Amino acid sequence: MSAVDGLTTPVDVADTVSATAPRRGSRRGAGLGDRFRGTALPSRARWAGWLFALPALVMYAVFELYPIITAVQYSFFDWDGISVATPVGVENYVRVFTEPQLVASIVHAFILIIFFTFLPVLLALVVASIVREIRSKVAGAVARTLMFLPQIIPGAASAIAWTWMYSPDGAVNQMLRALGLGSLARPWLGDFTWALPAVGVIGTWLATGLCTLLLMAGIGKIDGSLYEAASLDGAGRIQQFRAITLPGLRQEIGVCITITIIAALASFDVVFMSTQGGPGYATQVPGVQVYQLAFTENRIGQSSALAVVLSLIVLAVILPIQRFFKEK
Amino acid sequence: MHRSGISSRPTRRVVIGMFGALAVAGGAACSAPGPAASTGAAADSTPTSVSTSIGTEPVTLKLYDGQGLKNVDDVLIAAFTKKHPNVTITPTYDPDNVTTQNQPRQLASATPPDLVRVISVTAGTKNNLLTNLDAYAAAYGWDKMPTSQLSQFRAKDGVAGSGSLYAKASGFTMTGLYYNKKLAAQVGMTTPPASIEELTALMDKAKAAGLTGMVVHNKEGGGVFPFQLLINSSMGPEKVSQWVFNAPGATIKTPEAIAAAKQVQDWNAAGIFPASVNALDATAANAIFANDKGLFFPWGNWEAASLDKTMPREVGFLAMPPATAGGKVAAMSDAATAFGIPSRSKNKDAAAAFLNFLSSDEARQIAIDNGFMPSGLESQAAPTIKQGSVLADVTKAFAEVSAAGGQVPFVQNATAGISNRAWNPETQLLLGGSSTPEQFVTDVQAKYEEELKR
């Protein structure tokens with residue numbers, strides 16, 4: 001968005017518009033101010049900003065806007081990717097909301113939010129608060145590195161590793177048996193009830209590191225004297241956490257939640273590499289469906305429609321969250 | 001308030017700008033996606049004047065296949081170009097799972113390869129993208145080959161199975177039951193089971209001895225194997241093939257298929273399959289079989305070479321017994337690679353010469369050496385195979401099935417999406433007990449019809 005600011009001078013943005021923009025009647029005034037201040041700068045400068053932004057804009061248009069527009073266009077056709085397409089109106093969209101398996105996949109994506117977002121953020125808050133109190137620099141650095149490790153392993157690779165751990169004789173079941181909980185051992189990814197939570201836990205493992213790192217950076221910015229003052233006043237750890245840490249991390253938590261919710265709703269690699277949506281349809285998610293519809297079934301139109309719906313769902317979930325976590 | 005004001009106006013401009021861009025782009029792309037109808041018609045798809053000579057001028061052929069076939073293709077190419085020094089073949093290999101997705105795009109390309117892996121003959125003929133090989137078949141005499149070796153690559157009016165020829169195979173796959181010789185002796189198997197009843201009895205004995213009767217792995221859809229091995233015989237190769245070839249009115253919702261689904265479900269319920277069948281992949285299943293814990297292993301020729309290495313002389317291979325004693329044997333058996341010639345290829349005569357070479361004695365030996373069943377005439381010299389190897393067993397079973405006209409294409413190939421969208425999840429539901437045999441065939445048939453309706 002900042003590229004667009006090249007149109008208006010910083011001065012203009014700072015006072016005139018901000019005060020008047022929300023009211024329709026005063027827009028003319030803003031425009032006048034714009035023109036008045038615009039004369040202060042040579043017109044060359046107004047275009048220079050665009051020029052600097054041009055390479056990025058071209059890339060954005062070619063690799064983001066154009067594919068989005070074509071996807072929207074395809075979604076109104078029945079097209080196999082090769083021969084001539086047939087327009088079908090909104091039929092593809094109707095199917096997204098009526099075909100049980102497509103609807104179920106969207107529900108699964110929302111269930112994954114528990115594992116991709118809530119659990120990692122909670123864990124990260126706990127870990128970050130504890131690490132803050134580690135006095136030793138070395139121990140702190142080691143803890144940070146260890147927590148972040150999952151983040152540098154590709155999701156697909158870790159999904160395969162987890163598949164082994166979840167296998168009937170894998171690490172998870174071995175551990176359960178060693179603890180005398182053999183009755184709980186099961187082929188996790190082959191179990192209709194437990195496959196989705198099992199896939200979700202892979203996501204938890206992946207996301208916790210990122211959230212921890214972000215939250216630790218956030219905690220680092222909180223003025224240490226606040227904690228000092230609070231403890232002098234007799235505030236315990238929990239009180240400090242609630243009164244200082246949590247409010248201080250508002251923005252960072254917002255970022256964590258945004259990133260991980262997008263990862264949950266648009267999940268692909270973890271599910272594709274671990275279960276491919278199975279057993280049955282128990283772990284089917286929109287990301288995998290979009291892929292399968294387009295590239296194994298050659299139903300480009302249906303795939304595009306689902307992708308468009310998925311994007312809209314992500315926006316519908318993310319925008320209110322963004323607003324909520326915006327600094328007041 | 002101050003901050004939000006900053007963003008409000010540029011945002012509005014951006015929105016207006018974006019709609020402008022959308023409108024412009026939308027206007028430019030307002031026609032339907034896909035080529036205009038006129039350019040869709042391919043070049044010469046039914047050549048009439050063909051030559052079996054490839055001359056002496058240098059020719060370069062481009063070949064497209066899956067990575068898994070690289071070993072056999074490279075040897076075939078080397079042997080062919082040695083015979084015809086003026087021909088150069090440059091191969092391109094994609095990962096096998098990608099070839100399915102890329103085949104239509106390769107065929108539709110303005111400059112397609114000259115030899116391309118054909119996965120769906122009907123998809124290739126739909127837009128006249130594949131060359132009709134009838135003239136070459138007549139010129140080279142391919143018509144004399146056993147019908148079941150070519151019928152998979154024939155198509156007429158969008159239905160495969162009969163009609164004009166569009167591809168020729170470099171060799172064939174073969175499926176059936178591997179068995180552990182030591183365990184077979186343990187359960188008293190002296191002759192191959194002659195019927196499904198006898199097979200079940202043997203597997204029950206194995207189960208009683210604490211073994212896995214049949215090593216089925218269904219994480220990636222291996223559970224379809226025992227089911228299709230059953231219907232190949234009970235429904236008959238003809239009906240199953242027609243279903244795979246999308247013949248009008250073909251259905252898998254038959255009493256025989258329901259009975260087969262029930263049989264598979266019963267086997268699993270009786271503990272004949274591994275307990276965690278839905279979580280087991282091929283690697284894990286291999287481990288069970290290699291550790292002498294499983295009696296039968298329903299799988300294919302592709303495993304023979306590694307079984308000969310890991311369990312030398314310990315493994316045998318059988319064609320699936322017929323439904324009732326005395327019935328005909330059948331097996332899923334399709335091409336290692338079926339090579340076709342795209343319509344837009346400029347070097348069709350040279351490409352056809354390569355297709356012809358695929359059933360030569362030399363190519364047959366190459367196929368066997370790489371674990372595939374040889375294509376060609378029954379009167380041709382038999383390739384040499386190491387005696388006592390399980391591959392020799394597989395080849396023997398293939399000859400048996402081929403002679404009985406029992407070569408059946410894989411049901412997973414009936415439509416592009418049927419494997420991922422129906423067979424794999426539905427067999428998981430069936431074996432998991434979340435679905436009934438009736439529901440199983442009904443759901444698969446529904447997906448099949450839905451995909452073909454388009």
Side-chain angles (χ1 to χ4, degrees), chain A residues 1-2 4-5 7-8 13-14 17-22 27 30 61 65-66 69-70 72-74 77-87 101 163 166-169 186-192 195 275-282 284 292-301 326-327, chain B residues 1-14 17-18 21-22 25-26 29-30 32-37 40 98 100-101 104-105 107-108 123 126-127 129 218-221 274-281 284 415-417 419-421 424-426 428-429 431-432 434-435 451 454:
Chain A
M1 295 295 151
S2 61
V4 179
D5 289 346
L7 268 181
T8 44
V13 171
V17 184
S18 60
T20 52
R27 270 174 70 198
L65 278 184
Y66 180 71
I69 293 162
T70 47
V72 172
Q73 187 205 358
Y74 294 165
F77 288 87
D78 180 4
W79 188 39
D80 64 4
I82 295 144
S83 48
V84 179
T86 335
Q101 277 143 29
T163 308
Y166 279 136
S167 70
D169 296 315
R186 63 190 75 232
W188 294 93
L189 295 178
D191 190 292
F192 292 106
T275 63
Q276 298 232 332
Y281 306 94
Q284 195 56 271
Q292 287 183 345
L293 285 168
F295 298 113
T296 63
E297 287 190 61
N298 292 326
R299 288 161 67 183
I300 311 287
K326 219 172 204 173
E327 215 177 12
Chain B
M1 185 66 236
H2 197 74
R3 274 181 65 124
S4 75
I6 292 176
S7 61
S8 89
R9 201 169 101 151
T11 305
R12 194 174 298 126
R13 283 197 184 175
V14 171
M18 268 170 57
L22 271 170
C30 67
V98 176
T100 323
Q101 287 123 48
R105 289 159 189 84
L107 284 175
K126 194 159 71 181
N127 298 302
L129 295 172
N218 202 32
K219 182 159 182 257
E220 285 137 11
S276 50
V277 58
N278 274 345
L280 223 57
D281 59 14
T415 64
S419 182
N420 273 329
R421 313 266 302 165
N424 295 1
E426 292 296 337
Q428 286 167 348
L429 293 174
L431 293 183
S434 313
S435 173
E451 216 178 320
R454 308 164 51 238

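Below, chains carry the letters A, B, ... as their sequence lines are ordered, and counting in each starts from 1. Just so we're clear, the structure is a prediction, and the values are computed from it rather than from any experiment.
With chain A as the partner, the residue from B:S434, B:S419, B:A275 showing the most heavy-atom pairs under 4.5 Å is B:S434. Ranked by heavy-atom pairs under 4.5 Å with chain B, the list A:G280, A:P168, A:G190, A:G278 is led by A:G280.
Around the OH atom of A:Y281, the shell of radius 6.0 Å holds more than 12 heavy atoms that belong to other residues, nucleotides or ligands.
Rounding to the nearest 0.5 angstrom, the gap separating the CG atom in A:L189 from the CG atom in B:N278 is 11.0 Å. For the atom pair A:N298 CG and B:T415 OG1, the distance stands at 10.5 Å (nearest 0.5 Å).
With a 4.5 Å cut-off on non-hydrogen atoms, A:S167 does not touch chain B at all. Contact annotation for A:F192: only side-chain heavy atoms (C-beta onward) come within less than 4.5 Å of a heavy atom of chain B.
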For a side chain to side chain contact (heavy atoms under 4.5 Å, CB included) check, start with the C-alpha distance between B:R421 and A:L293, then their side-chain angles and the critical distance, and finish with the verdict.
CA-CA 9 Å; B:R421 313 266 302 165; A:L293 285 168; 3.9 Å; yes

Evaluate the criterion side chain to side chain contact (heavy atoms under 4.5 Å, CB included) for residue pair A:E297 and B:E451; output intermediate values, then yes/no.
CA-CA 8 Å; A:E297 287 190 61; B:E451 216 178 320; 3.8 Å; yes

